[in-house]
Participant: 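Following this message is one structure expressed as structure tokens.
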Amino acid sequence: MTSVKHIVFDIGQVLIHYDPDAAFRSVIPDAEERKWFFDNVCTSAWNIEQDRGRKWPDAEALLIADFPDREHHIRAFRKNWHQMITHSIDGSVEIMRKLIAGGHDVTMLTNFASDTLREAWERFPFLTESRGVTVSGDIGLIKPDRAIYDHHVDAFDLEPSVTLFIDDSAKNVAGAKAAGWQSVQFIDPQTLRADLNALGIRV
């Protein structure tokens, strides 16, 4: 049986469900315009804010400079972000909580910038239940950069060969494996439970 001492959850889509369309139906009623915004602006906003270590006001100013005619929508994105994160994926959170309650060493990795992470803590108390939450924006690295996995090994005293990384992205799972971690790709809570059981981890 493979040994697992540490479990690292990636929060995006594994523990939290994002639905930006729901919040923006009233802000941008036209479906095609919303699609254009998410494809061209929303994606850039997340990438800048989360993965390059900038606070939201700085990222917002850069986006407005690039898309001055979308200023209202860009500012609305920040104002309405709470509505985009409509709920946690119950099955995944239940699994994580059972792992923590069972004495497993659980760490969570998030791409929230530090200013929005503070707000997320208030909205999702389960974010404070783990051993720790690290913020990619504060690290200034982009997954699957090898250095981000090395950083987590150092920050939380992990052993790569006995660390299990759970992520919804095949690219990030491959990056973790390249850094010597064990990894499973998150598909849905039922599959995750089966994958954990296959590794001898009962939840």
Participant: Applying the side chain to side chain contact (heavy atoms under 4.5 Å, CB included) test to V8, which of V106, L158, L164 qualifies?
Facilitator: L158
Participant: Looking only at heavy atoms, what is the nearest atom pair of V153 and P160, with distance?
Facilitator: CG2-CG, 3.7 Å
Participant: Treat each ILVMFWY residue as a node, draw an edge where side-chain heavy atoms are under 4.5 Å apart, and state whether F126 and I100 are in one component.
Facilitator: yes
Participant: If you compare all heavy atoms of Y149 against all heavy atoms of G175, which two are closest, and at what distance to 0.1 Å?
Facilitator: CE1-C, 3.6 Å
Participant: List the steps and the verdict of salt bridge (charged side-chain N to carboxylate O under 4.0 Å, His left out) for E33 and R70.
Facilitator: CA-CA 11 Å; E33 177 66 14; R70 299 308 201 284; 3.0 Å; yes
Participant: When hydrophobic residues are tied together by side-chain contacts of less than 4.5 Å, even through go-betweens, does I187 share a cluster with I95?
Facilitator: no
Participant: Does K171 have any side-chain contact (heavy atoms from CB on, under 4.5 Å) partners at least two apart in sequence or in another chain, and if so, which?
Facilitator: P144, S169
Participant: Could I get the full list of ring pair (Phe, Tyr, Trp, His ring centres under 6.0 Å) partners for F9, not counting sequence neighbours?
Facilitator: none
Participant: Looking at residues at least two apart in the chain, or sitting in another chain, which of them share a side-chain contact (heavy atoms from CB on, under 4.5 Å) with D150?
Facilitator: R146
Participant: Apply side-chain contact (heavy atoms from CB on, under 4.5 Å) to residues V203 and M96 and explain how you reach the verdict.
Facilitator: CA-CA 9 Å; V203 286; M96 183 202 68; over 6 Å; no
Participant: What is the minimum heavy-atom distance between T128 and W121, and which atoms define it?
Facilitator: CG2-CD1, 3.9 Å
Participant: What pairs meet the salt bridge (charged side-chain N to carboxylate O under 4.0 Å, His left out) rule with one or both residues in residues 97-107, with sequence neighbours excluded?
Facilitator: E94-K98, R97-E129, D105-R131
Participant: Cluster question for you: counting only ILVMFWY and a side-chain heavy-atom cut-off of under 4.5 Å, with indirect links fine, are F165 and F156 together?
Facilitator: yes
Participant: What pairs with K35 under side chain to side chain donor-acceptor pair (under 3.5 Å), at least two apart in sequence or on another chain?
Facilitator: D39
Participant: Under 30°, 30 to 60°, or over 60°: which ring-plane class applies to H73 and F37, parallel, tilted or perpendicular?
Facilitator: perpendicular
Participant: Between T110 (side chain) and I11 (backbone), is there a donor-acceptor pair under 3.5 Å?
Facilitator: no
Participant: Do you reckon V173 sits in the same ILVMFWY cluster as I166, going by side-chain contacts under 4.5 Å, direct or chained?
Facilitator: no
Participant: Which residue pairs pass the salt bridge (charged side-chain N to carboxylate O under 4.0 Å, His left out) test with at least one member in residues 158-169, sequence neighbours excluded?
Facilitator: K5-E159, K143-D167
Participant: Tell me, please, which residues at least two apart from D21 pass side-chain contact (heavy atoms from CB on, under 4.5 Å).
Facilitator: D19, R25, R34, F38
Participant: Please enumerate all residues that pass side chain to side chain donor-acceptor pair (under 3.5 Å) together with T134, with sequence neighbours excluded.
Facilitator: H152
Participant: List the atom of A176, the atom of S183, and the distance in Å for their closest heavy-atom pair.
Facilitator: CB-OG, 3.3 Å
Participant: My understanding is that only residues two or more places apart in sequence, or in another chain, count here; which of them pass side-chain contact (heavy atoms from CB on, under 4.5 Å) with A61?
Facilitator: none
